[in-house]
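Lettering follows sequence order; numbering is per chain, from 1.
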Number of protein chains: 2
Amino acid sequence: MAMMLAGINRRDMGKMVEVAATRRSQPERREEMRRRLVAATLDALADHGHAGASLSVILDKAGVSRGAWAHHFDTKAEMLALAAEGLLREAVASAGTLSPPALSPSDGPAALGALLEQAWARFYEGRHRDLLFEVALAARTDAELKQRLAPIFSDFITAVGQSWGLALHPRPGAGVAVADLMVLTVYMLRGMAMQELAAGPSPDHARLRALWAGLLAAQVTF
Amino acid sequence: MAMMLAGINRRDMGKMVEVAATRRSQPERREEMRRRLVAATLDALADHGHAGASLSVILDKAGVSRGAWAHHFDTKAEMLALAAEGLLREAVASAGTLSPPALSPSDGPAALGALLEQAWARFYEGRHRDLLFEVALAARTDAELKQRLAPIFSDFITAVGQSWGLALHPRPGAGVAVADLMVLTVYMLRGMAMQELAAGPSPDHARLRALWAGLLAAQVTF
DNA sequence: GTAAAAACAAACCAATCGGTCTGTTTTATA
DNA sequence: TATAAAACAGACCGATTGGTTTGTTTTTAC
């Protein structure tokens, strides 16, 4: 008995005081374990891509044994789907909270530029960008995954069009719907993100985003 | 001797006339075999994605034995890199040939719309789109591949900006470089392509492209 | 025609894949 | 405290991975 007093469960080793292992309820254990596994799945995806994110890599990152994993998930595909869904749902929710910073209403281009930079940093740079692309591509050749993710990708575009559109108004005379412009904007950011993903970051891109903000400012106002 | 008279090498089986196997020079053989293998690599990538494009799948598609393959390529990675390079170089070359259809110079929006549709159909629909994304993502987590592909991705953007820009002129008063607008345009198309890849085709997208063409028409002329 | 080289086929290989099985430890129930 | 169930660990499994080896066929050079 008490064979597992190693590492975490033994504290204050200097004083040689044994502290009982943290007692956690089974729902707590289950939830935390699944959370760890899903997080490790995304980490592996970000670090090694879909092709390189093997179950062994994921379990190593999570620090979870194969047996424990099997107790919580039936297949790797199921775990991946859950991880991807979580990632995308968070993005949808987050799209609604991106607000054009509080600037004087007359300061159109700058405020639009700030909105673009916010969206860029939140979705189309670094880890989130990588995961977004990995997950989208993984779904392409996996019917089951595609079925689960496709509606969330649609929701994201809808959310962008609607919530960003609420903060902006069409300039009188401009015959374009604000929601459409916002959708075009995220498409442009995405394409720019793919360029950076493939060819590395470009100093030109910040300038191009500002240029686009200027064009937008001719169409919308706050 | 003559153990391999099966299939291809025996013709006119009804008449039982033996026809000598087509004699091909070794450079011919080598070139055609490598071509077949590279083509099959892209096919596998398009059909099964990077994660699913195993060597076995590729060789099945090519109808080539493992031994024959080994005679022409050292590693799968090398073959994949060659296939990806070919794909992207063709795209760069093709970007230069996309011409705004011959329309009356006054017909700005329609001609720009036609250019967008040409680019959309050529690069961002169907197999080419899928391959483009697969290859870009594969490069992300493969340093060797990235090093070989990154400059070609950059070349593509440069080619779009320059060659498309040549056919167009900035409208007097518009303070935007035509090349920049063209780059923004391909970024937008790419982002739209990714949406279709992940969420399926959308009838809205043709309308959004036309809307974009309208915005462009306010900035450039022929 | 003959010998060497190139092209090709298929058996073979260690390593890894996703997944399962058996047994131990921890929590819940009574 | 006793018993069952849930959580967990690690050995194990057949299938598949990228790659190699051995041997045969075709082309080339003499």
Side-chain angles (χ1 to χ4, degrees), chain A residues 1-10 19-37 40-41 44 48-60 62-81 138 142 144-145, chain B residues 1-10 19-37 40-41 44-45 48-81 138 142 144-145:
Chain A
M1 58 296 260
M3 278 180 67
M4 272 296 286
L5 280 176
I8 305 171
N9 292 341
R10 183 188 285 271
V19 173
T22 331
R23 192 182 171 94
R24 293 175 306 160
S25 78
Q26 277 170 353
E28 275 170 350
R29 281 185 159 205
R30 182 165 188 83
E31 197 177 351
E32 201 249 341
M33 182 62 96
R34 288 176 64 101
R35 214 193 51 77
R36 258 166 72 192
L37 283 166
T41 301
H48 306 286
H50 182 215
S54 73
L55 191 50
S56 306
V57 166
I58 296 172
L59 295 182
D60 271 1
V64 167
S65 72
R66 246 177 158 67
W69 167 78
H71 185 70
H72 295 285
F73 292 97
D74 285 341
T75 65
K76 182 194 167 192
E78 184 200 330
M79 185 170 60
L80 176 64
D142 180 336
E144 160 81 8
L145 187 62
Chain B
M1 58 299 262
M3 278 181 65
M4 269 300 285
L5 280 177
I8 305 170
N9 291 341
R10 183 187 287 271
V19 173
T22 331
R23 191 181 171 93
R24 293 175 306 162
S25 77
Q26 275 170 355
E28 276 171 349
R29 280 185 159 203
R30 182 166 188 81
E31 198 175 352
E32 202 248 341
M33 183 60 98
R34 286 175 67 99
R35 216 193 50 78
R36 258 168 72 193
L37 282 167
T41 301
L45 219 51
H48 306 286
H50 182 217
S54 74
L55 191 51
S56 306
V57 165
I58 295 172
L59 295 181
D60 272 0
K61 278 187 185 283
V64 166
S65 73
R66 248 177 156 66
W69 167 77
H71 186 70
H72 295 285
F73 292 97
D74 285 341
T75 63
K76 183 193 166 190
E78 184 199 330
M79 184 170 61
L80 176 65
D142 180 336
E144 159 82 8
L145 187 62

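- Spacing between atom CG of A:D60 and atom P of C:dC17 amounts to 10 Å, rounded to whole angstrom units.
- The two residues A:A51 and B:H50 make their nearest non-hydrogen contact at CB-ND1, 3.6 Å.
- Atom CG of B:D142 sits about 13.0 Å away from atom NE2 of A:H48, to the nearest 0.5 Å.
- What separates CG of A:L55 from C1' of C:dT20 is a distance of 12 Å, to the nearest Å.
- In this structure, CD in A:E144 is found 10.5 Å from CG in A:L80, a value given to the nearest 0.5 Å.
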Pairs: protein N or O with nucleotides 28-30 of chain C N or O, under 3.5 Å:
residue	atom	partner	partner atom	Å
C:dA28	OP1	A:Q26	N	3.3

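- What separates CD of B:E28 from P of D:dT26 is a distance of 16 Å, to the nearest Å.
- Residues A:R36 and A:A62 share a closest heavy-atom pair of NH2-O, 2.9 Å.
- Whole-Å rounding puts the A:M33 CE to C:dT26 P distance at 13 Å.
- Atom CG in A:L59 sits about 11 Å away from atom P in D:dA9, given to the nearest Å.
- Atoms CG and CG, from B:L55 and B:D60 in turn, are 10.0 Å apart once rounded to the nearest 0.5 Å.
- Across every non-hydrogen atom of A:A81 and A:L145, the tightest pair is CA-CD1, 3.6 Å.
- Atom CD in B:E32 sits about 16 Å away from atom P in D:dT26, given to the nearest Å.
- Taking each heavy atom of A:A44 and A:I58 in turn, the nearest pair found is CB-CG1, 3.6 Å.
- Among the nucleotides D:dG19, D:dT17, C:dT27, the one closest to any side-chain atom of A:R29 is C:dT27.
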Just distance, no hydrogens or angles: give the donor-acceptor pairs under 3.5 Å from side chains in residues 63-75 of chain B, sequence neighbours left out.
residue	atom	partner	partner atom	Å
B:S65	OG	B:A68	N	3.1
B:H72	ND1	B:R30	NH1	3.2
B:T75	OG1	B:E78	N	3.1

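- Contact annotation: B:T75 does not reach the phosphate of D:dG18 (side-chain N/O to OP1 or OP2, under 4.0 Å).
- The separation between B:I58 atom CD1 and D:dG19 atom P is 10 Å, rounded to whole Å.
- In this structure, CG of A:L37 is placed 14 Å from C1' of D:dA9, rounded to the nearest angstrom.
- B:R24 places no side-chain N or O within donor-acceptor distance of the main-chain N or O of B:R29, the cut-off being under 3.5 Å.
- The stretch residues 64-74 of chain B touches DNA chain C through B:S65, B:R66, B:G67, B:A68, B:H71, B:H72, each having a heavy atom under 4.0 angstrom from the strand.
- Side-chain nitrogen and oxygen atoms of A:S54 include at least one within less than 4.0 Å of the OP1 or OP2 phosphate oxygen of C:dC17.
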